[in-house]
Amino acid sequence: MKFLRAFLSTLAGMPKVAVGAVAIFLFLGIFAPWLTPHDPNAQDLLQANQDMSISHWLGTDHLGRDTLSRLIAAARTSVVGMSLVLILALSVGVTIGTIAGYRRGWVEEGLMRIVDVGLAMPSLIVALAVIGIFGTGYWNMILALALAWWPGSARISRAVAVNVMNRPHIESLRVLGASPLRIYFKHLLPTTLGAVLVYATADAGAVALAIATLSFLGLGIQPPTPEWGQMLVDALPYLEASPRQVILPGLALTAVVIGFNLLGEAVALNRVPTPLSAKILRKRQLTAALWTREAA
Amino acid sequence: MPADTALLKVENLVTRFKSVERGKWVKAVDGVSIHLNPGEIVGLVGESGCGKSTLGRSIVGLEKPQSGRVLLDGVDLGTLSGRKLRETRRAIQYVFQDPYASLNDRQTIGEAITEALIIHGVSDHTEQRRRILELLDQVGLPAVLAERYPRELSGGQRQRVAIARSLAVEPRVLICDEPVSALDLSIRAQVMNLFLTLQKELGVACLFIAHDLALVRQAASRVYVMYLGKVIEGGGSLDVYARPGHPYTSALLASVPSADPRIEALREAPVLKGDVPSPTNPPSGCRFRTRCPQAMEICAVNEPATVALSSDHSAACVIAEQVHRGEVIAPKVH
Amino acid sequence: MSTSSPILTVRDLCIDLFTARSALRPVDQVSYSVAAGETLAIVGESGSGKTVLNFAPLGLMPLGVSIHVSGSIRFDDKELVGMNDEALRKLRGGSIGVIFQDPMSALNPARTIRRQIAEVAELHLSLTSTQAEARALDLLKMVRMSDPEARLRQYPHELSGGLRQRVMIAIAIAAEPKLLIADEPTTALDVTVQAQIISLLKDLQKRLNMAMVLITHDMGVVAGIASRLAVMYAGRVMEYGPVQTVLTAPRHPYTMGLIDAIPRAEDLPGSAFRGLPGMPPVLGPPIPGCAFVERCRHAVATCETTRPLLAPTADRHVLAACPIVNRSSEALHAG
Ligand SMILES: Nc1ncnc2c1ncn2[C@@H]1O[C@H](COP(=O)(O)OP(=O)(O)OP(=O)(O)O)[C@@H](O)[C@H]1O
Ligand SMILES: Nc1ncnc2c1ncn2[C@@H]1O[C@H](COP(=O)(O)OP(=O)(O)OP(=O)(O)O)[C@@H](O)[C@H]1O
Ligand code: SF4
Ligand code: SF4
Ligand SMILES: [Mg+2]
Ligand SMILES: [Mg+2]
């Protein structure tokens, strides 16, 4: 336990690991079609439940599909799903949040009441309820998750927007008589979006996890589309025979979630002032050492 | 000077904020009337938290007054709205206290001024260029600074940039909210002289909010003193400084520390004791009575009327005339 | 002037600041000392390194900057330069109290005044939480807060600037420090409240026999509270001596300009303000000659190249870093 904690805190100190995990994830997700050694959906029952081999590096599942290919293709499913959810949630959230932050007063009150209701309910429950009403399906899942996630980004956007609106530089624009549209589109929106995207990093992991969870429950991505949560379910009955089929998607998912969380945390912590890198520090120290030399 | 020819007139302005105590209000500005004549520098001083900034911000529309009127050239700004309001109110500009925050750190100085010019309807590029150089010159900055970012400038330079940008929209009134308190003495003098020059050369009127009484005395021809949301004294600065009519003003003047240690060594306990009452529940009658050395029973009953002490000097205190004549033993430094 | 041995002695302190953009030296060979019960005031141009000088050696620097400190700071027979973070943390808020430039950002907006004061008392006096809260009440009474019981339950944003500054002082003296460092404690306050705060600080100083370092722009505050004055410009001490002498008979051209810039009673309304022409230098590598040379009326050719060191003037108690003016005053005395 102690070891684990020490390990985790070292990880937090070195967001490089997180950057690595997230980068690999995004890379695999984006280039999946060119990276998979086999067709991830091609079944070959004669090759079912195979161990690692030259042709199947990570073996095959109970239907004889290549595990490595499925893992990679699942990354794509995850990246695409996650991006769609975040884009939808952020568009709605940032729009509502910045409007609330811009138009204080009853508009803000009203909008934030709605947001509060949304926030009071756990995201997954909201998503489950929406799927319960509209039925399962890819787009329903995306919609459900976006609905579950927008209040969070609305809340953050509003906080950022209120802060931005209160900064003297925006106030001085108002005094100059800048039109509301200029203030909103040229100053408020870009600044808020920048800040909110940073927070969204931490959320990305949670969304990926939610997609996997829904798929695990059979409510999200439907077979045969490869997806980590679903690969887990598929492999569960064969846990004893080939535990690898359960462990691998689980590991992939864990890495992505931890990666995004650490990254989000690191970014949030070091947002404005980034600590000096060892290289720059040495360079500066050298400069200063030369001053002393010259003076002597 | 009669208030009819006033360039800017504020009548009975009330601005309040929701208090942290449920259902209560902080009346930050509670029925203030002041005026500014063309090309005049007027000081506004008072306790921290008495509503000076709120008054200034209400005039330029950064806070929404609950009641009262702001008139520019006799036009009630409350009757205007939308674009018309923005264009009219543009003639009143605000200089913020913090020269570090009032510029967008992602715009160069040139871009910031250009934006103000565009807002003001100057869209021609060569004309923009010419105006930028002219404005930088007016505030005493070299033209090369147009390419720089705010973080590359010192506090005094930034404050000048902020002033140059407000001048881009050709204002007639500047409301300066402690514009030099973040600057040190030697740079402070430079910026103050800039205000004097703008007033003399461009005829810009200026409402000058400050804690530094000596600064106000030297810059302003008239001065208003506020306490807990109300103007309690106003008049020509020489007269107010020499013969204040309100016990708070006397206390304020007596509290100004002297830069001479020999005088400071003689200073007794602070003139004013106790804390400013909460603006949520101001005292009945005279708001200063909880701390006034001269407070009487009647002060708790009625709000004191404003007493005219001379043609342009008045104070809101029942014994204003005695204080003005120096008959009340006002607290002294030594 | 106090003759007791100093509790804080700073010798040849240099602080180099390394940022992502550049390396600079905002504190360059600064020396001074403060005895128990005595107040040293530090004045000077903004950006001349007053805050860095006092807070960087205590480990209080913003993120994203690295520092290198050389020289010596002896406090209470301990050397602060090179001391580890843990020990520094114990000193801060313990035997060294600090008051920051901006009270609002130094207080936690989400905690009651009671918690914030009690926390410091718990940490440094090892009190239980009930004892600490009782101590919080005592401290608020000590800083002459009206209605202290009610104030304990309030949050920072509910207090006026003057009250907030009193809370900051209460926190700073919670552990009865031997040294109090106050960075512009009254800049945001009006003169009546300023007078109260200054008298409070003086009173506390007498009671606790604290040494005090006070950073300010206001010469009136300096005259009212300090016994010694250090005038800084571009990271260097330009003049150092008893307040009385430095304020009334400044020796260094920069101090002269600074004191000349104070508005006087005889200045007419609308008359121009006196000040120094020009701008302070942008800090970077140590300046080879005198840092003030660009704005100095008395400058001669050697000022550009030779760095003037703090040296006793005709009045032995006052040190000034300007050989030119020093020489002429000596000449004056000789002649
Ligand atoms: N946005 C706000 N919400 C609630 N209360 C506010 C707000 N702004 C100001 N106040 C309160 O209104 C009162 C007047 O504040 P204001 O800032 O106008 O004072 P001031 O005279 O400018 O003080 P200072 O000299 O310290 O700048 C104060 O009691 C303050 O706490
Ligand atoms: N975080 C930082 N990053 C880069 N430079 C810094 C930082 N903090 C301070 N400096 C630089 O160090 C120098 C000294 O700053 P310092 O804050 O000590 O000045 P000061 O004398 O306290 O000024 P003021 O009177 O305005 O408070 C300045 O030139 C400043 O630019
Ligand atoms: S009215 Fe009364 S309490 Fe108010 S200032 Fe005058 S004497 Fe003092
Ligand atoms: S050393 Fe030279 S430049 Fe510096 S203050 Fe003295 S005369 Fe002026
Ligand atoms: Mg204010
Ligand atoms: Mg400072």
Side-chain angles (χ1 to χ4, degrees), chain A residues 94 98-113 116 157-198 267 270-276 280 284, chain B residues 17-18 53 56-64 80 82-107 111-121 150-151 158-159 161-163 165-171 173-175 177 179 182:
Chain A
V94 170
T98 46
I99 291 177
Y102 183 83
R103 295 237 25 161
R104 312 295 299 273
W106 63 266
V107 174
E108 181 189 21
E109 297 265 316
L111 288 176
M112 290 333 277
R113 276 303 92 74
D116 283 340
S157 310
R158 192 207 62 125
V160 175
V162 165
N163 177 312
V164 172
M165 283 306 286
N166 283 334
R167 283 189 211 160
H169 75 82
I170 297 276
E171 294 196 325
S172 63
L173 279 171
R174 285 173 58 196
V175 177
L176 284 169
S179 68
L181 289 180
R182 168 180 285 274
I183 294 180
Y184 185 84
F185 285 107
K186 262 206 83 179
H187 294 268
L188 181 62
L189 204 54
T191 319
T192 311
L193 205 56
V196 173
L197 279 180
V198 169
V267 177
N270 305 328
R271 231 174 92 55
V272 188
T274 38
L276 291 188
I280 294 186
R284 301 279 174 264
Chain B
F17 298 106
K18 268 216 182 79
S53 302
R57 294 168 57 87
S58 306
I59 295 175
V60 293
L62 287 174
E63 307 292 352
K64 206 170 164 336
L80 306 177
R83 174 187 283 261
K84 186 94 185 80
L85 174 64
R86 287 203 303 275
E87 280 170 6
T88 314
R89 189 142 62 191
R90 189 173 293 155
I92 315 173
Q93 286 299 309
Y94 200 88
V95 179
F96 292 84
Q97 172 176 5
D98 184 359
Y100 290 88
S102 56
L103 295 165
N104 188 343
D105 48 14
R106 286 185 293 183
Q107 276 181 326
E111 284 164 3
I113 300 180
T114 309
E115 182 158 33
L117 288 168
I118 292 174
I119 292 171
H120 195 46
R151 58 171 177 272
R158 281 189 204 210
Q159 199 58 290
V161 171
I163 296 168
R165 191 173 59 159
S166 353
L167 294 179
V169 300
E170 301 172 89
V173 182
L174 279 184
I175 295 186
D177 193 354

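Chain naming here is simple, since letters A, B, ... match the order of the sequence lines and numbering starts at 1 in each. Heavy atoms only: backbone and side chains are in, while hydrogens, waters and symmetry mates are out.
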When rounded to the nearest 0.5 Å, the distance separating CZ of R89(B) from CZ of R174(A) is 9.0 Å
In terms of heavy-atom pairs under 4.5 Å with chain A, the winner among K64(B), R165(B), E115(B) is E115(B)
Okay, Q107(B) and chain A: the region with an atom under 4.5 Å from a heavy atom over there is side chain
The interface call for F96(B) against chain A, heavy-atom contacts under 4.5 Å, is side chain
Cut-off 4.5 Å, heavy atoms of chain A, and the answer for I175(B) is neither
Note: A178(A) and R86(B) closest approach over all heavy atoms is O-CD, 3.5 Å
Nearest heavy-atom contact between R106(B) and T191(A) is NH2-OG1, 3.2 Å
One option among H187(A), R167(A), H169(A) has the most heavy-atom pairs under 4.5 Å with chain B, and it is H169(A)
The interface call for L62(B) against chain A, heavy-atom contacts under 4.5 Å, is both
Sidechain-backbone polar pair: Q93(B) side chain, V175(A) backbone, donor-acceptor under 3.5 Å = yes
Interface check, chain A: of V95(B), L103(B), V60(B), I118(B), most non-hydrogen pairs under 4.5 Å belong to L103(B)
Closest heavy-atom pair, S172(A) versus S102(B), reported as atoms and distance to 0.1 Å, is OG-O, 3.5 Å
Closest non-hydrogen contact found for A116(B) with L176(A) is CB-CD1, 3.8 Å
With chain A, the option among V169(B), N104(B), L85(B) that has the most non-hydrogen atom pairs under 4.5 Å is N104(B)
